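Hydrogens, waters and symmetry mates play no part in the numbers below; they use all other heavy atoms, side chains included. It should be emphasised that the depicted structure is a prediction, and the values quoted were computed from it without experimental measurement.
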Amino acid sequence: MLKHRVIPCVLLKNWQLVKSIKYDSFRTIGHPISTVRVYNSRNVDELIVLDIDASIDEVINTEIITDIANECFMPLTIGGGIKSIADIYKVLEAGADKIAINSKAIDDPSFIKEAVTIFGSQCVICSIDVKKINGAYKVFNKSKGVLNICPVALAKKYQAYGAGEILLTSVDHEGLAKGYDISLIKLFRGELNIPIILNGGMGHPSHAVEAIANGADAIAAAYIFHFSQFTPEDIKQEMKKHGIAVRITKMC
Amino acid sequence: MLDSSIVIIDYNMGNLRSVQKAFEKLGENAVISKDCDVIRNASKVVLPGVGAFRDGMRNLEALGLIEVLNQVVIQEKKTFLGICLGMQLISRKSCEHGETDGLSWVDAEVVEFDFASQEKKLKVPHTGWNNISYKKQDVLFQNVLENSDLYFVHSYYFQTNENIVTSTTNYGGEFVSSVTKENIYAVQFHPEKSQSVGLRVLKNFINIEIN
């Protein structure tokens, strides 16, 4: 049986891993390499690293991706600043397994199709950031601001172009540790045939249970791993207690 | 003269470095190469791969690697490990992006997960950690507990009537998650991405004695 994944999703800025609140007010959480080493030893299911500098300066820091990948014996997704097929080759060569595309996919959805034809669907995650404006969910982009696009419609378009997964982040909930945006994930329920990784807001293992119960396939988080007493194992044990299939590592 | 190294076939299909550093972690030197001489001189051959079947075959062909792979794996019977796309490529054909012939080392076809007619529409690609059930004892799974979770990412799967299946996995039905045929080992999951359990599988591959 396929397990529901627990995935740290961290931001990279000035060679440091940072944690934001609503994508703002960044706080350093540590050196990337030592942090990844800890994640690896704690058997998290995957790791997503989004390079904020790359998404702004459009320069991909392959050196640090290589360093991270060297410590990472689990699936590694890299996002930030990917604008071309050459960029994807660069990031994969540095050791990433999947790439996350955000701005480029908004500007040119056919790029997803191009990438999928070369690298396969499983390699391409489309990242969608969402904000609630006057009660309606809208797609948000760090450089463009709030866009008048419905996130479900955008996700369906990405799926049609071949995206393998959707990383869905509620900017409003991000960094607050008060739980995932459950009405957002409910909106997506039954709409897509590709997995949705819900991101933004986990502060307690019960939030993971709630997210999966309402339609998320996997959950991503950062705050809980750095600013709370809960470990990835605690989260999985709580999920298991509620009948959710998770991976608990056992060796002979 | 044979050296004792493992060669990872470089055919521009992603994640080679991940496989290499998993071997490094296990203290084993693995070379990434598309050089026919290096491939001929290695003692074991690994064909990893992330991406589309057609591109995989095209790249192998364009780099002139099909002939050398046939030589070392089929004629010389060097120990071979296919991972994910590298497993699928040993089949006769795949229907991914139109029908494409494979290396045809085993009598198998690669087909797409299709849940359209099923009541519960499972998501494709099959992405994430799933457990393997053993069909046969296999050296790759020595000291790996049955039902261990391994990491999968694929939209297509391997179908075979040959008696080579060593494990299956359930995703809307059972599919083949590993096969072994003489010197050819192939796994649909990614051992290099499956943390301690995956590293154990690779360690077992390293430990296979060569003639």
Side-chain angles (χ1 to χ4, degrees), chain A residues 1-7 39-46 65-66 69-76 88-89 91-99 115-125 159 162-166 190 192-197 217-218 245-252, chain B residues 12-22 24-25 32 49-56 84-85 96-97 115-116 121-131 142-156 169-172 190-200 202:
Chain A
M1 187 178 200
L2 189 63
K3 309 301 182 291
H4 292 279
R5 291 166 286 160
V6 175
I7 308 172
Y39 281 141
N40 200 60
S41 70
R42 289 189 166 177
N43 276 315
V44 300
D45 295 324
E46 292 194 31
I65 297 170
T66 306
N70 284 346
E71 294 299 330
C72 196
F73 297 97
M74 59 190 149
L76 172 64
I88 301 179
Y89 273 117
V91 168
L92 294 181
E93 267 160 29
D97 301 288
K98 314 187 212 182
I99 50 112
V116 164
T117 311
I118 299 171
F119 304 101
S121 283
Q122 79 293 327
C123 187
V124 180
I125 296 185
Q159 175 178 277
E165 294 176 79
I166 300 290
L192 297 182
N193 293 317
I194 54 174
I196 301 171
I197 305 165
D217 297 281
V246 288
R247 178 180 70 114
I248 310 274
T249 307
K250 291 185 290 285
M251 295 296 287
C252 326
Chain B
N12 303 325
M13 293 306 285
N15 115 316
L16 305 173
R17 178 70 191 125
S18 301
V19 176
Q20 186 184 40
K21 68 191 168 66
E24 276 168 13
K25 176 89 176 172
I32 296 175
V50 170
F53 192 100
R54 193 183 54 187
D55 294 314
C84 194
L85 178 63
E96 185 171 352
H97 304 301
F115 302 118
K121 288 186 181 39
L122 292 172
K123 296 181 176 183
V124 177
H126 169 228
T127 305
W129 297 84
N130 204 335
N131 53 298
Q142 234 168 43
N143 294 319
V144 174
L145 289 173
E146 173 141 33
N147 285 320
S148 285
D149 286 308
L150 289 133
Y151 189 79
F152 290 84
V153 234
H154 58 126
S155 302
Y156 292 77
T169 294
N170 196 298
Y171 193 61
H190 287 275
E192 76 284 7
K193 289 285 142 186
S194 299
Q195 291 178 337
S196 44
V197 175
L199 292 176
R200 181 70 61 82
L202 292 179

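- For B/Thr127, the parts sitting under 4.5 Å from any heavy atom of chain A are the backbone and the side chain alike.
- Checked for salt-bridge contact, B/Arg17 and B/Glu24 meet the test: a charged N lies under 4.0 Å from a carboxylate O.
- Of the atoms belonging to B/Leu199, it is side-chain heavy atoms, and not backbone ones, that fall under 4.5 Å from chain A.
- For chain A, the nearby part of B/Glu192 is the backbone; its heavy atoms alone come within less than 4.5 Å.
- Contacts between B/Asp55 and chain A at a heavy-atom distance below 4.5 Å involve the side chain alone, from C-beta outward.
- Both the backbone and the side chain of A/Thr117 come within contact range of chain B, with heavy atoms under 4.5 Å apart.
- Only the side chain of A/Arg5 comes within less than 4.5 Å of a heavy atom of chain B; its backbone N, CA, C and O stay farther away.
- Residue A/Ile88 does not touch chain B at all, counting heavy-atom pairs closer than 4.5 Å.
- Here the side chain of B/Lys21 pairs a donor or acceptor atom with the backbone of A/Ala69 at under 3.5 angstrom.
- Taking the six-membered ring for Trp, A/Phe119 and A/Tyr89 have ring centres closer than 6.0 Å.
- Among the candidates A/Met74, A/Glu165, A/Glu93, the residue making the largest number of heavy-atom pairs closer than 4.5 Å to chain B is A/Met74.
- Among the candidates A/Pro75, A/Gly120, A/Ala96, the residue making the largest number of heavy-atom pairs closer than 4.5 Å to chain B is A/Pro75.
- Only the backbone of B/Val124 comes within less than 4.5 Å of a heavy atom in chain A; its side chain stays farther off.
- For the 3.5 Å distance criterion, the side chains of A/Arg247 and B/Gln195 qualify, holding a donor opposite an acceptor.
- At a 4.5 Å heavy-atom cutoff, the contact between A/Asp217 and chain B is made by side-chain atoms alone.
- Taking chain B as the reference chain and counting heavy-atom pairs below 4.5 Å, the highest number among A/Ser121, A/Pro195, A/Gly95 is found for A/Pro195.
- In this structure, A/Lys98 contributes its side chain and A/Cys123 its backbone to no donor-acceptor pair below 3.5 Å.
- Side chain of A/Asp45 to main chain of A/Ile7: no donor-acceptor pair is present (N/O by atom type, distance under 3.5 Å, no hydrogens or angles).
- Aromatic rings of A/Phe73 and A/Tyr39 (six-membered ring for Trp) have centroids beyond the 6.0 Å cut-off, not under it.
- The backbone N or O of B/Asn170 lies less than 3.5 Å from a partner atom in the side chain of B/Asn130, making a donor-acceptor pair.
- The backbone N or O of A/Leu76 lies less than 3.5 Å from no partner atom in the side chain of A/Glu46, so there is not a single donor-acceptor pair.
- Proximity to chain A is absent for every atom of B/His190, based on heavy atoms less than 4.5 angstrom apart.
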